[in-house]
2 protein chains.
Amino acid sequence: MAGTKPRANHTLHERLLGEFRSFIISQRWPPGYQLPFETDLADTHGVSRMTMNKVLTQLTREGFLVRRRKLGTFVARPHAQAAVMEIADIAAEVQALGQVHSFVLHARKLRRPSSGEMTEARIAQDRRQRSVLYLMGVHFADAQPFCREERIINPEAAPAALEQDFSTVAPGQWLLQQIPWSSAEHRIRAVGADRAVARDLGVQPGEACLEVIRRTEISGEWVTLAHQIYPGDRHELLARFGPRARAD
Amino acid sequence: MAGTKPRANHTLHERLLGEFRSFIISQRWPPGYQLPFETDLADTHGVSRMTMNKVLTQLTREGFLVRRRKLGTFVARPHAQAAVMEIADIAAEVQALGQVHSFVLHARKLRRPSSGEMTEARIAQDRRQRSVLYLMGVHFADAQPFCREERIINPEAAPAALEQDFSTVAPGQWLLQQIPWSSAEHRIRAVGADRAVARDLGVQPGEACLEVIRRTEISGEWVTLAHQIYPGDRHELLARFGPRARAD
DNA sequence: AAGTGGTCTAGACCACGAA
DNA sequence: TCGTGGTCTAGACCACTTC
């Protein structure tokens, strides 16, 4: 509904691409769902097999589908993310380092968003957002503080969050399961640790830390806004870029 | 030649994809070069127009080609880069902020790579690299220090660099023109400014700074390794990620 | 108006991989 | 073995853009 041209999609495979993508994003076709066979889909939608193949091949390149010969076509499990994206799942990252991840919740409350948050999350001015779920906590790798996280969640995008006690499960991990296929935008900067950060991370006040501000959205609607701070000498982000995004 | 499977590319359009990509990367087809028409290419290579169309469409999605009706197919000008990639061209970034960019070279010499550099740039152990071109300088936005840069360049990948005096033109900008289509890998971390950095950037020693370590390669061969340090409060990186890279 | 890329089809054969 | 996705073709019509 947002972003692209308001004009109707003209070509056959464009229309089908949009249709299938929306089915997947809305989880009407949940992860693991098996689609009908290519020939059947072509018949059902009244197009040639070539055209349907173009659609399915494209969605496979985009990572939405997984195709296996003789078995069929399935909606992908979206845990395969781009390199920098993987930091969304801090638990997985810590485990990849061979350490034990744990999350300690410091605060959880429902409150109105601040004006700064409304700007950063780009909350629409007209649809007045009554309240957001605020969370603050610290991730640990073994017994060592790994990352301090402040976050607000949009209850309209993720209603189940209101029922969820985040005392042990990290919100990022939980959201990734609830709302796969979201897209994110990161701002990355260096900041000196203030008193609260220094206390929570066990570093000296003023020490250089890496701050990642991540805004997540799906279909143009904001889902969550997170401020994550890592001790500077203990953490690195990794990002790869080609002349253009490669597919395979 | 590197990276992908050593097996020969089987399918027609895969073979053509590789062939055309190598032509573009090697600049046998330089930016702006006009390819023969789709129908002619199909005839020349003995494939159907559909197959050739698949190849050209894919290369267009990858950003290598630009196609315009009635005009033809051209090799793209590769200045359109991914969001984080754009920081490669610091001059363009400064100008985008409406300020004047300048570069001051502090050091330039030919020397052997240190062991740390060999690790970070992943210089092959067997092919013993005799020497690399070392550069150090500072970027300015108007009169204010913007970024301090240390860099080594591989003379085998960019021989023209040995002839180039970098006293005013920034090495990143120059390399981008010499070797388009390169791909890069970034490591991003926060560091406290040491004395040399503090002096060059005009910040207090110990102040939080953002360090970007960028390794650039083309066809598997390393081209350059850069360490860039930005004052923490004056600079942010921006990165966007979807569930998978989008094309159009 | 003409020529280029953009799309679509019906049918065919092939290759991989699960049974 | 055999069903599924993977690929390829020859031909056709359309739409956009420049002339």
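Residue numbers begin at 1 in each chain, while the letters A, B, ... track the order of the sequences.
Taking atom CG of B:Leu65 as the reference point, atom P of C:dT4 lies 17 Å away to the nearest angstrom. What separates CD of B:Glu14 from C1' of C:dA15 is a distance of 13 Å, to the nearest Å. Computed from coordinates, the A:Leu41 CG to D:dG5 C1' distance equals 13 Å when rounded to whole Å. To the nearest angstrom, P of C:dA18 lies 16 Å from CZ of A:Arg67. The nearest whole Å value for the distance from the NE2 atom in B:His45 to the P atom in D:dT9 is 13 Å. If you measure from atom CD of A:Glu38 to atom C1' of C:dA10, you get 14 Å, rounded to the nearest angstrom. Nucleotide D:dT18 holds its P atom 14 Å from the CZ atom of B:Phe37, rounded to whole Å. The CG atom of B:Asn53 sits 7 Å away from the P atom of C:dG6 (whole-angstrom rounding).
When all heavy atoms of A:Tyr33 and A:Pro36 are compared, the closest pair comes out as OH-CD, 4.5 Å.
The phosphate of D:dG5 has neither OP1 nor OP2 within less than 4.0 Å of any side-chain N or O from A:Thr39. Residue A:Thr73 places none of its side-chain N or O atoms closer than 4.0 Å to OP1 or OP2 of D:dT4.
Residue-level contact check: B:Leu12 touches the backbone only, with heavy atoms under 4.0 Å from sugar-phosphate atoms and none from bases. B:Arg49 comes within 4.0 angstrom of a base, heavy atoms only. Base engagement by A:Arg69 is indicated by at least one non-hydrogen atom pair under 4.0 Å involving a base atom.
The residue among A:Met52 and A:Arg68 whose nearest nucleotide of DNA chain C lies closer to the 5′ end is A:Met52.
Nearest to the side-chain atoms of A:Met50 among the listed nucleotides D:dT9, C:dA18, C:dC8 stands D:dT9.
Taking the side chain as every heavy atom from C-beta outward, B:Ile24 and B:Leu65 approach each other to under 4.5 Å. Taking the side chain as every heavy atom from C-beta outward, B:Phe23 and B:Val75 never approach each other to under 4.5 Å.
The pair A:Arg49-A:Glu38 meets the salt-bridge criterion, since a charged nitrogen lies less than 4.0 angstrom from a carboxylate oxygen.
Around the CZ atom of A:Arg68, the shell of radius 6.0 Å holds no more than 12 heavy atoms that belong to other residues, nucleotides or ligands.
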